[in-house]
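Working notes, structure below.
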Amino acid sequence: MPFPTAAPVRVRFAPSPTGSLHIGTARTALFDWLLARQTGGQFILRIEDTDRSRYVPGSLEELMAGLRWLGLEWDEGPDIGGPYGPYLQSERLPIYHEHAQRLLDSGHAYESFYTSEEIEAMTKSVGQGDAAEVNRLMRVMPADEARRRREAGVKPAILFKVPLDGETVARDEIRGEIRTPNRTLRDPVLVKSDGFPTYHLAAMVDDQLMRITHVLRGQEWLPSLPFHMLIIRAFGWEPPLFIHPSIFLDPSGKGKMSKRRGSTTDQPTFVRDFRAGGYLPEAVVNWAALMGWGEEGGDREVYTIPELVQAFKLERVRPSPTAVNYEKLDWLNGVHIRMLAPDELARRLVPFMHRAGVAVCRDDLLPLVPLIQQRLTTLDEAPDLLDFFFVPPPPPTIEEMIPKKMTAEDTRAALAASRGLLATLEPFTAEPIEAALRGLAEARGWKAGDLFSILRVALSSKRVAPPLFGAIEHLGHATTLERIDQALALLG
Ligand code: GLU
């Protein structure tokens, strides 16, 4: 399979159900998905759930929901099946055992009855970290001792035999050739004594059987690449191409992006945080794609998903780590919000209004969209801007209502005069409302800004609200006059 590729790829996203979907992990899935869609290939979801101790209930559902929310639909996977299933590794145990047996039979693997304490003691006795020496010791156990342990019910682990000398040449398509002296490689476990395979065996077997052409996976797997090449070659297989995109750094660029933080909306970490924080999946995809990839010579930053499918180039994936940039995310989110059709934006705002306790439907929101579409950064800002259209706001305080250089008397006069004007204004739409209020301010010698601020607070109890004249239009005659009357009553 050539690199770069135009031929249809088969790529897999192979998460372990051990927690929430991290944005860095999702970015790898995105690269897979882009490559599959671009080449007319397949994107496969495989769940690596053989480490029972790390299983987190509910995480598989969250993973799938996160991928779907981002729009990364898979072509084969545990829920939809496919020609190379099952796609849950825990349902493939006989396949791994059969393959482990093949390596035992061909002399590439051995059974080990040693305990981890015994292996640790061997390591200490060798010193200097010479892995080949430890490997030599681990591979032998007197036959009668092995028999005794087996008869006592001890289950052996199966380990791979790394060559004791020479070097292993592996290749990462964006990083180049990696040569590793075999002396430095400890025999890896293929099957643990509990009968479950390790990643080293299960992933290599599955990538082969599932006909994977390109393996994209986290940079943390790079040190294991020599093992994987050795295992693949021991089976006599042609290896897939390996690509290890960079890790994400925290915003300062100094440390690795935290795995644990999250559940915050100011520094979202997991896909669910982005969703809860009011980011659009289009924006998250756009932003994540730019972390570790970019077009040649381009500083282009805004892409729709179909544009990314066109523009993405695997060979432009960067090996160097990228610091997450939340300002850019906010900016891109605003850009994508403005790209939405108004009724689509209204639809997406509904859950955020509900979450804030404002029971509205899309059609209620649609007329208000023009007031806020230009100014939203995240969807979760909408309730604060829109709630007063639907529920009477708590009354403002007198201090909030009176502008700095005005008296209570002036403020009351301004409200009363506005009320008089608005009561008879026809048509009751933004432009005539603005003209009337500006005229009033001028005639009375008030600053227009002061008058508008008095009205804004009277109508919404907020200092920051959507554009005033549009807001008055949407509140309508009756509500506008009612709220002005309430404010007048407050001022006494
Ligand atoms: N299950 C591995 C992980 O979650 C997958 C790595 C891979 O994509 O091969 O890290």
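For this chain, numbers begin at 1 and follow the sequence in order. Every number for a ligand or one of its atoms is a count from 1 in the order of the listing. Fair warning: this is a prediction, and the values are worked out from it, not measured in the lab.
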Subject >> side chain to side chain donor-acceptor pair (under 3.5 Å) partner of D187, chosen from R139, K161, R136 >> reply: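 When side chain to side chain donor-acceptor pair (under 3.5 Å) is applied between D187 and each of R139, K161, R136, only R139 qualifies.
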Which protein heavy atom lies closest to [atom], and at what distance to 0.1 Å?
atom                   : result
atom 6 (C) of ligand 1 : W221 NE1, 3.3 Å
atom 5 (C) of ligand 1 : A14 O, 2.9 Å
atom 8 (O) of ligand 1 : R12 NH1, 2.9 Å
atom 1 (N) of ligand 1 : E48 OE1, 2.6 Å

Original post:
Side chains of T378 and N333: is there a donor and an acceptor less than 3.5 Å apart?
Top reply: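 Note: T378 and N333 side chains miss the donor-acceptor criterion.
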Is it true that [X] lies under 4.0 Å from ligand 1, counting heavy atoms only?
X    : result
G218 : no
S16  : yes
Y199 : yes

Original post:
Are the aromatic rings of F160 and H228 close, with centres under 6.0 Å apart?
Top reply: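 No, too far apart.
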Subject >> Residue R217 vicinity, atoms of ligand 1 by number, heavy atom under 4.0 Å >> reply: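 Once the distances to R217 are compared, the set is 7 (C), 8 (O), 9 (O).
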Original post:
Do the side chain of T25 and the main chain of L21 share a donor and acceptor less than 3.5 angstrom apart?
Top reply: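 No, T25 side chain to L21 backbone: no donor-acceptor pair under 3.5 Å.
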Original post:
Checking salt bridge (Lys or Arg N to Asp or Glu O under 4.0 Å) for the pair R37/D75: CA distance, chi angles, key distance, verdict?
Top reply: CA-CA 10 Å; R37 292 296 166 266; D75 306 304; 3.1 Å; yes
Subject >> Residue of the set I23, L30, L332 for which side-chain contact (heavy atoms from CB on, under 4.5 Å) holds with V284 >> reply: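 When I23, L30, L332 are each tested with V284, the side-chain contact (heavy atoms from CB on, under 4.5 Å) holds only for I23.
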